[in-house]
**Student:** 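Sharing a structure with you now.
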There are 2 protein chains.
Amino acid sequence: MLRFTKRSEYGLIALAYLGGQGDSYCSAREIVDTLGLPRRLCAEILKSLSTAGLVEAIRGPGGGYRLKREPSGLSLSEVITVLEGPLRMANCANGGECEKEAACLIATGVNRVADDIQGVLSSFTLADLIAEAQAKINAPTPAIQV
Amino acid sequence: MLRFTKRSEYGLIALAYLGGQGDSYCSAREIVDTLGLPRRLCAEILKSLSTAGLVEAIRGPGGGYRLKREPSGLSLSEVITVLEGPLRMANCANGGECEKEAACLIATGVNRVADDIQGVLSSFTLADLIAEAQAKINAPTPAIQV
DNA sequence: ACAAAATAGCACCATTTCAGTGCCTTTTCA
DNA sequence: TGAAAAGGCACTGAAATGGTGCTATTTTGT
Ligand code: SF4
Ligand code: SF4
């Protein structure tokens, strides 16, 4: 239904959290407890991010995860690709093929739309999300302002 | 996995076909036979498009479907909304709500992305798809050119 | 009146994806 | 050596998705 999967959503949340923690390592436990996310599932996600080289993992006490790449160079597109496979809006789109493509009336148009969406996903970076997160952290309790 | 459903895909194909047939009525049978699509499923889709007022349906012999609205005023967003419900990239996005939203680190960013994608879907119209289709019809057999 | 064309309506099934969990192993620090 | 922490594996339940069959109703044409 054209929505983010929980894998992507949780992954982005975890990455945003890590982005706000500088160079220190954060355990999966800390992340899920702080953010209220399902443990095992997030562990799975973090593992994927680790093997993909987006985060750095250190075992043992005091270990955990931290970002391995610059948030400004990490696009949503890349994160999603890691967590749920390459984008494929339709069989013919995003580099795929469809046997009906030659005769299909909308193949060209669908490809354009898919490219545009791919573009949106590529243009947003983790740095953008972190900026939002920081803004939220800087004004955590608006109630005080009253 | 962030892809179009078959409902949307078939729906758009059918609409593109109808767009190329002017004001004459085309039966569902003609559409699915010409385009090689599953009959019952497309019938279901056309019915949805009909009740939503995107196409006009006439029963009985000689009847069928035809576009009810200007292709240039019919956005992909609207078609998709009719066929698979309103876009909702995440619980908090596209007008929805999420109980974690106040504390969520990426809610604002996710909303922006969702709005951008919504924008892409809104900016493409059926007329764009039809234009592509016409171009394809005008050069149907490139083999002849050789 | 009647047969055929065509949409409308309903209920169901199979497959795939998705979200989530359990349990155990390995590494590493104190 | 014990606890913390990531890594690995297999599984389950729920939902979305794609698809079909059958019947009823409307309408045209003969
Ligand atoms: S749009 Fe046409 S070509 Fe592209 S996947 Fe769907 S059917 Fe195949
Ligand atoms: S992004 Fe944050 S707020 Fe939006 S739906 Fe996911 S968890 Fe809820």
Side-chain angles (χ1 to χ4, degrees), chain A residues 1-14 18 24-66 68 80 83-91 98 100, chain B residues 1-11 13-14 18 24-34 36-66 68 80 83-91 98 100:
Chain A
M1 204 216 277
L2 211 48
R3 57 185 286 132
F4 293 130
T5 63
K6 292 296 181 187
R7 280 182 73 85
S8 295
E9 198 176 316
Y10 295 159
L12 289 172
I13 292 175
L18 291 177
S24 61
Y25 288 93
C26 305
S27 71
R29 180 169 212 125
E30 172 189 341
I31 296 175
V32 300
D33 284 356
T34 305
L35 302 173
L37 305 178
R39 297 196 178 183
R40 289 286 298 99
L41 183 54
C42 284
E44 202 72 26
I45 291 169
L46 285 165
K47 185 179 60 177
S48 297
L49 294 173
S50 171
T51 54
L54 303 195
V55 301
E56 197 175 356
I58 296 286
R59 294 195 192 186
Y65 299 95
R66 75 175 180 188
K68 198 173 179 181
I80 292 174
L83 293 179
E84 44 184 303
L87 183 67
R88 179 70 56 87
M89 297 287 299
N91 290 340
C98 171
K100 297 178 186 169
Chain B
M1 203 216 278
L2 212 50
R3 57 186 285 131
F4 292 130
T5 62
K6 293 295 181 189
R7 280 182 73 85
S8 294
E9 197 175 318
Y10 294 159
I13 292 175
L18 290 178
S24 61
Y25 289 91
C26 306
S27 70
R29 181 169 210 125
E30 173 188 339
I31 296 175
V32 300
D33 285 356
T34 304
L37 305 179
R39 297 195 180 184
R40 289 287 297 99
L41 183 55
C42 284
E44 201 74 25
I45 291 168
L46 285 165
K47 185 180 57 177
S48 298
L49 294 173
S50 172
T51 55
L54 302 194
V55 301
E56 196 175 357
I58 296 284
R59 295 194 189 186
Y65 299 92
R66 76 174 178 189
K68 198 172 180 182
I80 292 175
L83 293 178
E84 43 184 304
L87 183 66
R88 179 71 54 90
M89 296 289 298
N91 290 341
C98 171
K100 297 178 187 169

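Within every chain, numbering begins at 1; the chains are lettered A, B, ... in the order of the sequence lines, protein sequences first and strands thereafter.
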**Student:** Applying side-chain contact (heavy atoms from CB on, under 4.5 Å), name anything that partners A:P86, two or more places apart in sequence or on another chain.
**Tutor:** A:T81

**Student:** Decide yes or no for A:E9 and A:L37: does some side-chain heavy atom of the first lie under 4.5 Å from some side-chain heavy atom of the second?
**Tutor:** no

**Student:** Within this structure, what is the OH-to-P distance between B:Y25 and D:dT28, rounded to whole angstrom?
**Tutor:** 11 Å

**Student:** Rounded to the nearest 0.5 Å, how far apart are OG1 of A:T5 and CD1 of A:I45?
**Tutor:**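 Rounded to the nearest 0.5 Å, the OG1-CD1 separation comes to 7.5 Å.
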
**Student:** Which residues pass the side-chain contact (heavy atoms from CB on, under 4.5 Å) test with A:R39, sequence neighbours left out?
**Tutor:** A:R29, A:V32, A:D33

**Student:** A:L49 has an atom CG; how far is it from atom P of D:dG7, in whole Å?
**Tutor:** 11 Å

**Student:** Taking only residues two or more places apart in sequence or in another chain, which ones pass side-chain contact (heavy atoms from CB on, under 4.5 Å) with A:A52?
**Tutor:** A:L54, A:V82

**Student:** For a quick check of understanding: with a heavy-atom distance under 4.0 Å over all strands, which category does B:Y10 fall into, base, sugar-phosphate or nothing?
**Tutor:** sugar-phosphate

**Student:** Could you tell me the separation between the CG atom of A:L18 and the C1' atom of D:dA6, rounded to a whole number of Å?
**Tutor:** 14 Å

**Student:** Under 4.5 Å between any side-chain heavy atoms of B:L2 and A:L87, yes or no?
**Tutor:**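 Counting from C-beta outward, B:L2 and A:L87 do come under 4.5 Å.
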
**Student:** What integer distance in Å separates A:L46:CG from D:dA5:P?
**Tutor:** 14 Å

**Student:** I need the CZ-C1' distance between A:R39 and D:dA4, as an integer number of Å.
**Tutor:**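 Interatomic distance, CZ of A:R39 to C1' of D:dA4: 13 Å.
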
**Student:** Please write out the pairs of protein N or O atoms and N or O atoms of nucleotides 15-18 of chain C separated by less than 3.5 Å, giving the distance to one decimal.
**Tutor:**
residue : atom : partner : partner atom : Å
C:dC18  : OP1  : B:M1    : N            : 2.8

**Student:** Taking for each residue the nucleotide of DNA chain D with the nearest heavy atom, is it B:L41 or A:A57 whose nucleotide lies nearer the 5' end?
**Tutor:**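 Nearest nucleotide further toward 5': that of A:A57.
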
**Student:** For each nucleotide in nucleotides 24-30 of chain C, reading 5' to 3', give B when a protein heavy atom comes within less than 4.0 Å of its base, S when such contact involves only the sugar-phosphate, and - otherwise.
**Tutor:** --BBBB-

**Student:** In whole angstrom, give the distance that lies between atom CZ of A:R29 and atom P of D:dA3.
**Tutor:** 14 Å

**Student:** Can you name the closest pair of heavy atoms from B:Y10 and B:C42 and give their distance?
**Tutor:**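 Smallest heavy-atom distance, with atoms named: CB-SG, 4.1 Å.
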
**Student:** How close do B:L18 and B:Y65 get, heavy atom to heavy atom, and via which atoms?
**Tutor:**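 Scanning both residues, the minimum pair turns out to be CD2-O, 3.5 Å.
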
**Student:** Check A:G62 against A:Y25 and note the closest heavy-atom contact, atom names and distance.
**Tutor:** O-CB, 4.0 Å

**Student:** Run the side-chain contact (heavy atoms from CB on, under 4.5 Å) test on A:L49 and A:L83 for me, step by step, so that the C-alpha distance in whole Å, both residues' side-chain angles and the decisive distance to 0.1 Å come before the verdict.
**Tutor:** CA-CA 7 Å; A:L49 294 173; A:L83 293 179; 3.9 Å; yes

**Student:** Rounded to the nearest Å, what distance is computed from the CD1 atom of residue B:I45 to the C1' atom of nucleotide D:dG18?
**Tutor:** 10 Å

**Student:** What contact category does B:A43 fall into here, base, sugar-phosphate, or nothing, at under 4.0 angstrom with non-hydrogen atoms?
**Tutor:** nothing

**Student:** When the distance from CZ of B:F4 to C1' of D:dT17 is rounded to whole Å, what number comes out?
**Tutor:**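 After rounding, the reported distance stands at 16 Å.
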
**Student:** Quick one: is D:dA6 close enough that its OP1 or OP2 comes under 4.0 Å of any side-chain N or O from A:S50?
**Tutor:** no

**Student:** Kindly write out the residues that satisfy side-chain contact (heavy atoms from CB on, under 4.5 Å) with A:M1, not counting sequence neighbours, or none if the list is empty.
**Tutor:**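 A:M1: side-chain contact (heavy atoms from CB on, under 4.5 Å) contacts with B:E84.
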
**Student:** Nucleotides 9-12 of chain D: which of its N/O atoms have a protein N/O under 3.5 Å away?
**Tutor:**
residue : atom : partner : partner atom : Å
D:dC9   : N4   : A:R40   : NH2          : 2.7

**Student:** For residues 45-56 of chain B, pull every pair meeting side chain to side chain donor-acceptor pair (under 3.5 Å), keeping only residues two or more places apart or in separate chains.
**Tutor:**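 Found B:R7-B:S48, B:E44-B:K47, B:E56-B:R66.
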
